[in-house]
Amino acid sequence: QVQLVESGGGSVQAGGSLRLPCAASGSIDAWDSMGWFRQFPGKEREGIAARDSLGSTSYADSVKGRFTISRDNAKNTLYLQMNNLKPEDTAMYYCARHLAFRRGSFLMVSDYTYWGQGTQVTVSS
């Protein structure tokens, strides 16, 4: 089974950038799809970025143009590059993976089977 561990969270001023890595404890197939989610206190977990098995990406409107999802197969790591951060980006961020080939936009919690424990991102004004 694949264990996912997010890191790279912390505090940053508005307009700054953070890069979140998500390392897998075990290897996964190259065709596995992946995603990033975030959760605000008292709210449902929401998908913000996804990458399907052929590399096509999807983004929530709230982060489009600012966040980029990518993967490094050699390091078995998923990344979320976050630029031009805003205070409203403050949340817990989670990475997710689905161990199967699929194409399309996958930004729903039910689309994924493996989850990390989350990392906190705080953006100050």
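Reckoned from all heavy atoms, side chains included, excluding hydrogens, waters and symmetry mates.
At a cut-off of 3.5 Å, with distance as the only test, a side-chain donor of Asn83 or Ser17 sits close to an acceptor on the other residue.
At distances below 3.5 Å, at least one donor-acceptor pair connects side-chain atoms of Ser53 with backbone N or O atoms of Trp31. The closest donor-acceptor contact from the side chain of Asn73 to the backbone of Asn76 lies at 3.5 Å or more, if one exists at all. Of the possible polar contacts, one joining the Asp52 side chain to the Gly104 backbone as a donor-acceptor pair under 3.5 Å is found. Remark: side-chain polar atoms of Thr57 are not paired, donor with acceptor, to backbone N or O of Arg51 under 3.5 angstrom. Without hydrogens or angle criteria, Tyr79 side chain to Thr68 main chain gives no donor-acceptor distance under 3.5 Å. Panel note: side chain Tyr94, backbone Gln39; no donor-acceptor pair is recorded below 3.5 Å. Looking only at distances, no side-chain donor or acceptor of Tyr114 sits under 3.5 Å from a matching main-chain atom of Gln3. The closest donor-acceptor contact from the side chain of Glu6 to the backbone of Gly118 lies under 3.5 Å.
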Apply the test side chain to side chain contact (heavy atoms under 4.5 Å, CB included) to residues Thr90 and Gln120: give CA-CA distance (whole Å), side-chain angles for both, the deciding distance (0.1 Å), then the verdict. CA-CA 8 Å; Thr90 296; Gln120 177 69 35; 3.9 Å; yes
The test is side chain to side chain contact (heavy atoms under 4.5 Å, CB included); show your working for Tyr59 and Arg66 and say whether it passes. CA-CA 10 Å; Tyr59 297 93; Arg66 299 188 297 122; over 6 Å; no
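With values rounded to the nearest 0.5 angstrom, Phe67 atom CZ is found 11.0 Å from Trp36 atom CH2. Expressed to the nearest 0.5 Å, how far CD of Gln13 lies from CG of Leu85 amounts to 11.5 Å. In this structure, Asp32 CG and Leu78 CG are separated by 11.5 Å, a value rounded to the nearest 0.5 Å. The CZ atom of Arg38 lies 9.0 Å from the CE atom of Met82; values are rounded to the nearest 0.5 Å. Taking CD of Gln81 as the reference point, atom CG of Leu18 lies at 8.5 Å (rounded to 0.5 Å). Thr122 contributes atom OG1, which lies 10.0 Å from atom CE of Met92 (distance to the nearest 0.5 angstrom).
When every heavy atom of Glu46 is checked against every heavy atom of Phe40, the shortest pair comes out as OE1-CE1, 4.2 Å. When all heavy atoms are compared, the tightest approach of Leu20 to Gly9 is CD2-N, 3.6 Å. Of all heavy-atom pairs spanning Ala96 and Phe37, the tightest one is CB-CE1, 4.2 Å. When every heavy atom of Phe106 is checked against every heavy atom of Ala50, the shortest pair comes out as O-CB, 3.0 Å. Of all heavy-atom pairs between Leu4 and Ala24, the closest is CD2-CB, 3.9 Å.
Lys86 and Asp89 are not joined by a salt bridge, as no carboxylate oxygen comes within less than 4.0 angstrom of a charged side-chain nitrogen.
Listed by chain and number, the residues in a salt bridge (charged side-chain N to carboxylate O under 4.0 Å, His left out) with Arg19 amount to none (sequence neighbours excluded). Residues satisfying the salt bridge (charged side-chain N to carboxylate O under 4.0 Å, His left out) criterion with Asp111, sequence neighbours excluded, are absent altogether.
Within a 6.0 Å sphere centred on CD of Gln117, other residues, nucleotides and ligands contribute 12 heavy atoms or fewer. Within 6.0 Å of atom CZ in Arg102, more than 12 heavy atoms from other residues, nucleotides or ligands are found, so the atom counts as buried in its surroundings.
When the side chains of ILVMFWY residues are joined at heavy-atom separations under 4.5 Å, either directly or via intervening members, Val12 and Val63 end up in a single hydrophobic cluster.
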